[in-house]
There are 2 protein chains.
Amino acid sequence: MFVKKKKIETVDTREQLLETAAKLFGEKGFEAVSTRELAKEANVNIAMIAYYFGSKEGLFKAMIEERFPKSVAHLRNIQKHEGSAWDKISAVIDLYLERIMSNSSFHKLIFRELSLEQRPEHRDLILSGIEKNWEVIKTYIREGQESGDFKEDIDMELTIASVFGTIFQLINMPCWTIRLLGEKDEKFVKSEALKIRLKKHLKDMMKAHLFSKQYSEKIPPSV
Amino acid sequence: MFVKKKKIETVDTREQLLETAAKLFGEKGFEAVSTRELAKEANVNIAMIAYYFGSKEGLFKAMIEERFPKSVAHLRNIQKHEGSAWDKISAVIDLYLERIMSNSSFHKLIFRELSLEQRPEHRDLILSGIEKNWEVIKTYIREGQESGDFKEDIDMELTIASVFGTIFQLINMPCWTIRLLGEKDEKFVKSEALKIRLKKHLKDMMKAHLFSKQYSEKIPPSV
DNA sequence: AAAAAATAATTAAACGTTTGATTAAATTAA
DNA sequence: TTAATTTAATCAAACGTTTAATTATTTTTT
């Protein structure tokens, strides 16, 4: 035997399962994917699910627990950003869009999970992971208000809902987006073109929404 | 015999199944609900699903096909509204919020279906139902632009995405909303208080987003 | 109007299949 | 060898669906 299989291979098996789980659960939903289908797609024996994760649920949970922290952690780096409150908010929009668009099937899954009245444990895990990010955004809005740049009477929470809602609406429902924008190619949803267009729209809308009237001429042009 | 049982009884069985299907599929997702569970919840024999709808899929399809048209038909009434372009857009926001909030589990289901790569037939049905509404909104925005009230450089499609996205984000993921707003009661998501707050936020944001600078003082106060 | 026939609605039980999970044996790595 | 990993075979339970029998209602016949 020339090429001995190393232990690296076994890590691969585990990782293969996690990766395939993220993909298939994201596309079809947890219950719609059978362990056989998942194992086959991952080129792995069914029993490996039980071996590494105990159960199908265990695989699901592990996948979320391992991927989610990585997915949200990045936001913290924003705080080191310099510049005005608006610069920071602009950076948050950029960062979120990058993260979500490069990880869309996982994010689909995450937010579908929140819409279901199943598996409350997952909901708690997810929510406690993302609520920290809300606080960061709120801090920036307050910062802008204190400097007099932003309006005082902003509904901060619903503003956050609008930013995320806009992104999720477009990214989590590709067929909706394709139809709305009159595109032909399914892949447009993952394209740089949409990313740029979405960034511009969000920043334009948020600028108009956040800035006080008297400061409106000071607003920097978007992109 | 005083009260003869009429055929009305059998329509009840069918209707019971449709109603329960909308509720359970909305809460848990199609695959997560078994025919036994559904039949039990509807107080109906399992075989009735096959009898009236052919299959579980058939029940799902029938439920969407019968409910969805009613759900979109109401929207058409907007066109009869009088007043400025803004008045009409304001009316659209009001109407959508009323519709979606009073029918939230069905709308959850509709839009979860769009996020899944299952059952393309459903997606087509849903999308062709809602795309007419986009055109109505676009017409109003153009109307406002032609009268000089609205900005010219608005990304119309993504503006639509923002309106719907904001609503769906809050209504389709109740636990997210509860957490974001720091509420205790799960029922807040269906409350009049949220509806009013959401209307105000959406109108404020859209006003700032749509109106030209020189007309901003003309904008009527929201609510 | 009453009896008979036909149709529609409902039931409990069982169908074959697929599900997630487990086993015990085989293979590989250390 | 010993422990870790992978395999094919197997399990009971749950799945969606179908069945054959029964009850309820409507229609037809007399």
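Predicted, not measured: the structure shown is a model, and the values here were computed from it. Letters go in sequence order (proteins before strands), and every chain restarts at 1.
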Next item on the list: Enumerate the residue pairs fulfilling side-chain hydrogen bond (donor to acceptor under 3.5 Å, both in side chains) with a member in residues 165-178 of chain A, sequence neighbours excluded, ordered by first and then second residue.
Entry: Thr166(A)-Ser162(B)
Find the distance [X]:[atom1] to [N]:[atom2] and express it as a whole number of Å.
X        : N       : atom1 : atom2 : result
Ile46(A) : dT19(C) : CD1   : C1'   : 10 Å
Phe60(B) : dG16(D) : CZ    : P     : 13 Å
Leu59(A) : dG20(C) : CG    : P     : 11 Å
Lys56(A) : dT19(C) : NZ    : P     : 9 Å
Met48(B) : dT23(D) : CE    : P     : 15 Å
Asp12(B) : dT10(C) : CG    : C1'   : 14 Å
Asn43(B) : dT10(C) : CG    : P     : 13 Å

Next item on the list: Kindly write out the residues that satisfy salt bridge (Lys or Arg N to Asp or Glu O under 4.0 Å) with Asp94(B), not counting sequence neighbours, or none if the list is empty.
Entry: Lys199(B), Lys203(B)
Margin query: Using the salt bridge (Lys or Arg N to Asp or Glu O under 4.0 Å) criterion, which residues pair with Glu19(B)? Sequence neighbours excluded.
Written below: none
Item checked: Parallel, tilted or perpendicular: rings of Phe164(B) and Tyr96(B) (30°, 60°) -> perpendicular
Notebook entry, point to check: Quick one: which of dA21(C), dT10(C), dT6(D) gets closest to the side chain of Tyr52(B)?
Noted result: dT10(C)
Next item on the list: Looking only at side-chain atoms of Ala47(B), point me to the closest of dA9(C), dT5(D), dA12(C).
Entry: dA12(C)
Next item on the list: Identify, with sequence neighbours excluded, every residue that meets side chain to side chain contact (heavy atoms under 4.5 Å, CB included) alongside Glu31(B).
Entry: Glu31(A), Ala32(A), Gln118(B), Arg119(B)
Check: For residues 17-40 of chain B, which residues have at least one heavy atom under 4.0 Å from DNA chain D?
Finding: Val33(B), Ser34(B), Thr35(B), Arg36(B)
Next item on the list: Among residues two or more places apart or on two chains, list those pairs meeting salt bridge (Lys or Arg N to Asp or Glu O under 4.0 Å) that have a residue in residues 187-197 of chain A.
Entry: Glu98(A)-Lys195(A), Glu192(A)-Lys195(A), Arg197(A)-Asp155(B), Arg197(A)-Glu157(B)
Next item on the list: May I ask you to check whether over 12 heavy atoms, not counting those of Lys40(B), lie within 6.0 Å of atom NZ?
Entry: no
Item checked: Phosphate-side-chain proximity, Tyr51(A) and dT7(D), N/O vs OP1/OP2 below 4.0 Å -> no
Note to self: Is there a side-chain contact between Asn45(B) and the phosphate of dA12(C), meaning an N or O under 4.0 Å from OP1 or OP2?
What the structure shows: yes
Check: So what does Ile49(A) hit on the nucleic acid, given a heavy-atom distance under 4.0 Å: a base, only sugar-phosphate, or nothing?
Finding: nothing
